[in-house]
Amino acid sequence: TLFLKQLAIWLIANCIAIHNQFSNVRDLLTDFRAPRVGGGKPVWHPIFSSLLLYHTRLQSTLFFHFIRYNKKEQNFFVKKGWILMQPTVQELLSSAQEIKQEILADRRTIHQNSEVGTHLPTTKAYVTKRLIELGYEPQELCESGIVATITGKDAGRCMLLRADMDALCIQEQTGLPFQSENGSMHACGHDMHTAMLLGAAKLLRQYQAQLNGTVKLVFQPDEEGFTGAKSMLQAGVLNNPKPQIGLALHVNSGTPSGLILCGRGTFMAGCTLFRIAVHGVGCHGAMPETGVDPLNIAAHIYLSLQELISREISAKQPAVVTIGHMQGGQAPNIIPQSAILEGTIRTFDRDLTARIMQRIETIAKCTAQAFRGSAEVTELASAPPLVNNPDLVNQMADFAQQLVGEQAVYRLDEGGMGSEDFASYTYELPCAYLLLGAGTPNENPLYGKPMHNEKVVFNEDVLPLGPAHMVRAELAIQ
């Protein structure tokens, strides 16, 4: 082609120029010799070596600039493997936008077939199939926990990218054409996270030659139950290869679309799930004196727990105790044998959580005893406070600014009372957990409902930002 002919002429001309420079230098040395101190044979003046080196570097720089801004020729050399070009931010965003329809299809398929807890057979099968289609060799580390890796030019580094796949026990009422009808719902956006990581998997394959090491893709179950991350860690997700850093993104309803929240330090509260089992004596509703009413006991325990935060915890210490599940009885004219209360404790301090847990046990047992019944308290699961690595978060925020602009990145040094089991990773390696805004009512009346609400709708336009940010971080981080 004309380009190859021009390149050949350019290379030959420069070889001749360099040869002439060496020949001319010998002739000029007569006038520009640098004598040794104390006499002896003269040596070449250092200025000639510097000029020659400068000329060579200049020509190389001009060549690579020529390649950078001539896409046709650039693609020729990249495909041949002769040169490796890091994609620009705009090229990366364009690549992510090009696969938007694939990401949407993944998200909607996973959303419509939502599954809860540790056993996610349909979701696991779908994610595994998609990874194989993209050229990966996924492995199941634990029940419904999938890992796949991709390596670029240096196998010495490893970065972990994580997505959660489980849904919530909520009957969806969004009215979306791909609404889930099986009694569960992706009301926390985990379908978005899984689809974004699959999108990142495709982009990583596209830019594999430019990767700075290995990327470990982690798809985990049961984030909501706080057992998923721990199961993955116990199964060896941080081995073979061992990642040096970890990254996770979480969509957030109520935050402007595309705004990226980067929290440094303790960004999310720890959470402990607990159950209070109240035991009484069942009897006829017309003769309560013949039994022990566990519903009455449960009601008094519930009210007593509301005083814990207001009267026993300093206002300077963030803490929340919530009872989200109460159950007891099956008929209006029967006093049941037992009742159940289930709730959560959220704090930024593990010692404070332990103290509150001890007080809940005391209140439950003593209240039950005062009404002639009994109670037992059980810890069901827990996640520690999520601690982001400040330096890594700053790096991720810088990369995010390159993608979406400074005005769409918000750095903060305080967190919220929500909890996330990705926290378990943050105690094993430096991590960054970022929030991605997914819509407000000002943008669309459908957006902005609370997380975990049966009508929450996320703005799907933000989906390409996730893969673009993940891949940008891998390509740019040192």
Side-chain angles (χ1 to χ4, degrees), residues 116-117 168-170 222 224-227 230 268-385 416-421 423 450-453:
V116 177
L168 291 153
C169 292
I170 297 175
D222 201 31
E224 298 293 349
F226 297 149
T227 70
K230 291 178 180 177
M268 303 191 82
C271 183
T272 297
L273 307 178
F274 64 87
R275 173 185 293 142
I276 303 173
V278 180
H279 306 288
V281 177
C283 64
H284 196 294
M287 296 170 282
E289 72 280 3
T290 63
V292 175
D293 189 351
L295 297 179
N296 179 53
I297 297 172
H300 278 80
I301 292 173
Y302 175 86
L303 292 173
S304 298
L305 294 183
Q306 306 310 306
E307 308 302 320
L308 261 178
I309 304 302
S310 65
R311 288 296 174 267
E312 296 190 26
I313 308 299
S314 169
K316 296 180 180 180
Q317 291 182 290
V320 177
V321 174
T322 296
I323 300 295
H325 178 214
M326 296 180 70
Q327 181 179 335
Q330 296 179 339
N333 61 343
I334 300 174
I335 291 176
Q337 187 79 12
S338 60
I340 294 290
L341 298 90
E342 291 181 338
T344 59
I345 306 167
R346 299 175 191 269
T347 75
F348 290 107
D349 185 334
R350 287 178 167 182
D351 292 337
L352 178 58
T353 295
R355 188 174 123 210
I356 293 174
M357 189 69 178
Q358 186 177 32
R359 288 292 293 135
I360 289 174
E361 185 170 3
T362 300
I363 290 170
K365 289 184 176 180
C366 291
T367 302
Q369 186 178 9
F371 289 97
R372 298 178 295 128
S374 63
E376 56 193 35
V377 180
T378 305
E379 180 180 319
L380 302 177
S382 65
M417 299 308 294
S419 300
E420 162 65 63
D421 88 335
M451 303 290 285
H452 292 204
N453 183 277

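Computed from a predicted structure; not experimentally measured.
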| remark: Sorted by chain and residue number, the side-chain hydrogen bond (donor to acceptor under 3.5 Å, both in side chains) partners of R350 (sequence neighbours excluded) come out as none

| query | Mind checking what makes side-chain hydrogen bond (donor to acceptor under 3.5 Å, both in side chains) contact with S419, not counting sequence neighbours? | reply |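 S419 satisfies side-chain hydrogen bond (donor to acceptor under 3.5 Å, both in side chains) with R346 only.
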
With sequence neighbours excluded, residues passing salt bridge (charged side-chain N to carboxylate O under 4.0 Å, His left out) with [X]:
| X | answer |
| --- | --- |
| E224 | none |
| R355 | none |
| K230 | none |
| D293 | none |

| field | Residue pairs, two or more places apart or on separate chains, that pass salt bridge (Lys or Arg N to Asp or Glu O under 4.0 Å) and touch residues 335-344 | value |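 Output for this query lists R275-E342.
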
| query | Could you give all pairs that pass the salt bridge (Lys or Arg N to Asp or Glu O under 4.0 Å) test and reach residues 356-371, with sequence neighbours left out? | reply |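 Passing the test, one end in residues 356-371: E312-R359, E361-K365.
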
Work out which heavy atom in [X] is nearest to a heavy atom in [Y]; give both atom names and the distance.
| X | Y | answer |
| --- | --- | --- |
| Y302 | M326 | CD1-SD, 4.1 Å |
| I345 | M357 | CD1-SD, 3.7 Å |
| C283 | P288 | SG-CA, 3.9 Å |
| A383 | D421 | CB-CA, 4.1 Å |

| Close side-chain approach of T290 to H284, heavy-atom, < 4.5 Å | no

| Residue among L295, I297, I340, N296 satisfying side chain to side chain contact (heavy atoms under 4.5 Å, CB included) with V278 |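 Testing V278 for a side chain to side chain contact (heavy atoms under 4.5 Å, CB included) against L295, I297, I340, N296 leaves exactly one candidate, I297.
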
| Of I301, L305, L341, T272, which is the lone residue that meets side chain to side chain contact (heavy atoms under 4.5 Å, CB included) with I360? |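 Considering I301, L305, L341, T272, a side chain to side chain contact (heavy atoms under 4.5 Å, CB included) with I360 is found only for L305.
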
Could you give the distance from [atom1] ([X]) to [atom2] ([Y]), rounded to the nearest 0.5 Å?
| X | Y | atom1 | atom2 | answer |
| --- | --- | --- | --- | --- |
| M417 | C271 | CE | SG | 9.0 Å |
| L352 | I313 | CG | CD1 | 5.0 Å |
| L273 | H325 | CG | NE2 | 13.0 Å |

Return a table of donor-acceptor pairs under 3.5 angstrom between the side chains of residues 316-323 and protein atoms on other chains or two or more places apart.
none

| Who pairs with F348 by ring-ring contact (aromatic ring centres under 6.0 Å, His included), at least two apart in sequence or on another chain? |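 ring-ring contact (aromatic ring centres under 6.0 Å, His included) check on F348 returns nothing, list empty.
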
Pairs of donor and acceptor atoms involving the side chains of residues 367-380, under 3.5 Å and at least two apart or interchain, shall be tabulated with distances.
residue, atom, partner, partner atom, Å
T367, OG1, I363, O, 2.6
R372, NH2, G291, O, 3.2

Side-chain donor-acceptor pairs of residues 329-338 under 3.5 Å, sequence neighbours excluded:
residue, atom, partner, partner atom, Å
Q337, OE1, G282, N, 2.9
Q337, NE2, G280, O, 3.3

